[in-house]
*Asks:* 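My questions will all concern the structure given below.
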Amino acid sequence: MRSIIDILDLSTEEINELVHTAEDIIAHPADYAEICHGKKLATLFFEPSTRTRLSFEAAMYELGGNVIGFSEANSSSAAKGESVSDTVKTVSCYADIIAMRHPKEGAPRVASMAASIPVINAGDGGHNHPTQTLADLLTIYRHRHSFSNLKLGLCGDLKFGRTVHSLLNAMSRYEGLEVVLISPDELKLPSYVKKDVLQKNNIPYVQTENLEEALPGLDIIYMTRVQRERFFNEEDYLRLKDTYILTPDKLKGTRDDLMIMHPLPRVNEISVAIDDDPRACYFEQVLNGKYMRMALIMKLLKEAGTI
Ligand code: CP
């Protein structure tokens with residue numbers, strides 16, 4: 001049974017196929033409105049979410065299917081001590097596909113080994129978030145019509161930022177990528193990601209703490225939130241949370257076609273004054289996430305022989 005736990009579980013050809021399916025859904029939504037009729041998606045969210053859970057649910061409804069699930073661990077039998085494996089074995093009796101978010105890195109992988117239906121990782125701790133990357137990739141493709149020859153700036157919490165780790169993995173497979181890593185020292189990209197993704201693929205990268213100096217010349221600036229929920233110490237969070245705030249004055253001298261991206265939720269990282277800038281792409285990412293999740297649900301259910 002095929003599950004998607006890591007963005008590298010999809011080949012570049014499959015990512016292209018998902019992008020083209022998503023574009024076809026955007027152009028011809030009625031053609032997809034009954035494809036999952038009678039099928040059920042289970043959303044198992046052990047950690048809070050607005051976009052990922054609701055876009056998975058909207059995706060399944062727009063495919064004609066139904067949704068069951070829970071939005072917090074405390075409303076499931078996890079609160080009584082049930083294991084992830086037993087939970088997904090149970091849910092496999094009721095649903096056709098699972099989207100799971102969990103605070104523990106690796107939990108969706110464990111789930112995929114126990115489930116008898118496909119499992120999609122909807123974010124595991126500070127590790128990976130492959131369907132956010134699918135949303136990001138469709139957004140990049142719709143602006144640039146290619147994933148090659150891009151200078152990508154990643155800013156904020158690069159240590160715990162699962163969206164950053166998944167996006168770097170995905171982008172590392174395309175030619176001509178250059179990366180600028182912008183973070184405070186405490187929130188630098190983990191060395192395992194630098195080694196396994198950047199160094200292994202000979203991707204040129206620089207590390208800096210200075211956002212303003214890094215901005216000119218970037219094709220994409222991908223801002224991220226400093227995540228309070230990943231800190232053991234509130235003082236450290238409060239010290240670091242507003243390190244980077246993108247404001248209109250900092251955009252002077254940047255490219256006219258700069259893509260300003262953020263997986264959201266945003267706290268203070270991007271001033272709301274930027275929201276009306278035509279280069280702001282973050283609400284496009286939100287919408288594109290629904291289309292890519294529709295494409296992914298269909299692909300996995302087709303491969304499983306369910307539809
Ligand atoms: N981007 C993202 O994962 O948002 P949520 O936490 O609201 O799902």
Side-chain angles (χ1 to χ4, degrees), residues 7 18-19 22-23 26 48-59 101 122-123 126 128-145 147 150-158 160-171 179-183 187 211-212 214-216 218-229 241-252 254-296:
I7 193 67
L18 290 170
V19 165
E23 293 217 299
I26 293 166
S49 166
T50 296
R51 275 145 294 273
T52 310
R53 185 173 65 84
L54 296 184
S55 67
F56 263 114
E57 296 189 0
R101 170 169 291 187
N128 281 316
H129 195 347
T131 63
Q132 178 63 47
T133 299
L134 293 178
D136 300 341
L137 291 175
L138 178 58
T139 308
I140 293 169
Y141 190 80
R142 286 177 76 82
H143 280 256
R144 297 295 169 123
H145 310 291
F147 299 120
L150 292 172
K151 188 165 181 180
L152 170 64
L154 298 159
C155 178
D157 179 359
L158 310 187
F160 300 112
R162 59 194 175 197
T163 60
V164 165
H165 305 159
S166 288
L167 183 60
L168 268 179
N169 262 308
M171 294 297 290
V179 174
V180 182
L181 302 168
I182 309 151
S183 72
L187 297 177
L211 172 61
E212 280 157 282
L215 277 168
L218 292 180
D219 293 291
I220 300 170
I221 179 67
Y222 194 95
M223 300 295 295
T224 61
R225 174 176 65 99
V226 174
Q227 301 171 79
R228 177 179 233 143
E229 64 272 31
K241 72 183 176 68
D242 289 329
T243 308
Y244 301 109
I245 302 178
L246 191 60
T247 50
D249 58 300
K250 291 188 181 136
L251 291 175
K252 286 180 193 136
T254 59
R255 291 175 59 123
D256 291 341
D257 59 357
L258 172 70
M259 293 181 69
I260 304 167
M261 300 182 72
H262 192 310
L264 304 183
R266 139 179 80 182
V267 183
N268 286 325
E269 310 78 55
I270 301 180
S271 157
V272 291
I274 290 179
D275 292 3
D276 293 330
D277 188 309
R279 297 172 293 177
C281 299
Y282 26 97
F283 288 105
E284 289 173 43
Q285 289 167 262
V286 172
L287 182 58
N288 288 334
K290 179 184 73 173
Y291 296 123
M292 286 302 261
R293 290 177 178 114
M294 288 173 80
L296 183 62

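Positions are given from 1 along the sequence.
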*Asks:* Mind listing the closest non-hydrogen atom pair of Arg279 and Asp256 along with its distance?
*Replies:* CD-O, 3.1 Å
*Asks:* Are His262 and Ile274 close enough that some pair of their side-chain heavy atoms sits under 4.5 Å apart?
*Replies:* no
*Asks:* With heavy-atom distances below 4.5 Å as the criterion, would you say the side chains of Arg255 and Asp219 are in contact?
*Replies:* yes
*Asks:* Pair Tyr244, Val226 - check side-chain contact (heavy atoms from CB on, under 4.5 Å), show working.
*Replies:* CA-CA 9 Å; Tyr244 301 109; Val226 174; over 6 Å; no
*Asks:* Quick check for you: to the nearest 0.5 Å, what is the distance between Met259 atom CE and Leu152 atom CG?
*Replies:* 10.5 Å
*Asks:* What is the minimum heavy-atom distance between Ile245 and Lys250, and which atoms define it?
*Replies:* O-NZ, 2.6 Å
*Asks:* Just by distance, no angles: are the side chains of Asn128 and Ser166 close enough, under 3.5 Å, to form a donor-acceptor pair?
*Replies:* yes
*Asks:* Can you check whether Glu269's main-chain N or O pairs, donor with acceptor, with Arg225's side chain at less than 3.5 Å?
*Replies:* no
*Asks:* Start with the C-alpha distance between Arg293 and Leu134, add both sets of side-chain angles, then the distance that settles side-chain contact (heavy atoms from CB on, under 4.5 Å), and finish with yes or no.
*Replies:* CA-CA 8 Å; Arg293 290 177 178 114; Leu134 293 178; over 6 Å; no
*Asks:* Does some side-chain heavy atom of Ile182 sit less than 4.5 Å from a side-chain heavy atom of Leu215?
*Replies:* no
*Asks:* Looking at every heavy atom in both Leu168 and Val179, which two are closest together, and how far apart are they?
*Replies:* CD2-CG2, 3.9 Å
*Asks:* Does any N or O in the side chain of Lys290 come within less than 3.5 Å of the main-chain N or O of Leu54, such that one atom is a donor and the other an acceptor?
*Replies:* no
*Asks:* Nearest heavy-atom pair of Glu212 and Pro216: which atoms, and what distance?
*Replies:* O-CD, 3.3 Å
*Asks:* Would you say the side chain of Ile140 lies within less than 4.5 Å of the side chain of Leu150, judging by non-hydrogen atoms?
*Replies:* yes
*Asks:* For Leu154 and Thr224, what are the C-alpha separation, side-chain angles and deciding distance, and is it a side-chain contact (heavy atoms from CB on, under 4.5 Å)?
*Replies:* CA-CA 8 Å; Leu154 298 159; Thr224 61; over 6 Å; no
*Asks:* Please check this pair: side chain of Ser183 against backbone of Cys155, looking for a donor-acceptor N/O pair closer than 3.5 Å.
*Replies:* no
*Asks:* Can you tell if the side chain of His129 reaches within under 4.5 Å of the side chain of Thr131, non-hydrogen atoms only?
*Replies:* yes
*Asks:* Are the side chains of Phe56 and Thr52 in contact, using a 4.5 Å heavy-atom criterion?
*Replies:* yes
*Asks:* Checking Leu138 against Glu23 for the side-chain contact (heavy atoms from CB on, under 4.5 Å) test, could you report, in this order, the C-alpha distance in whole Å, the side-chain angles of both residues, the deciding distance, and whether it holds?
*Replies:* CA-CA 9 Å; Leu138 178 58; Glu23 293 217 299; 4.1 Å; yes
*Asks:* Which pair of heavy atoms, one from Phe147 and one from Leu137, lies closest together, and at what distance?
*Replies:* CE2-O, 3.1 Å
*Asks:* What I'd like to find out is whether the side chain of Met261 reaches to under 4.5 Å of the side chain of Gln285, using heavy atoms alone.
*Replies:* yes
*Asks:* Search all heavy atoms of Ala214 against all heavy atoms of Val180 and return the closest pair with its distance.
*Replies:* CB-CG1, 3.9 Å
*Asks:* As a test of understanding, state which of Leu251, Thr254, Leu211 forms a side-chain contact (heavy atoms from CB on, under 4.5 Å) with Ile221.
*Replies:* Leu211
*Asks:* Are side-chain heavy atoms of Gln132 and Asp136 found at a separation under 4.5 Å?
*Replies:* yes
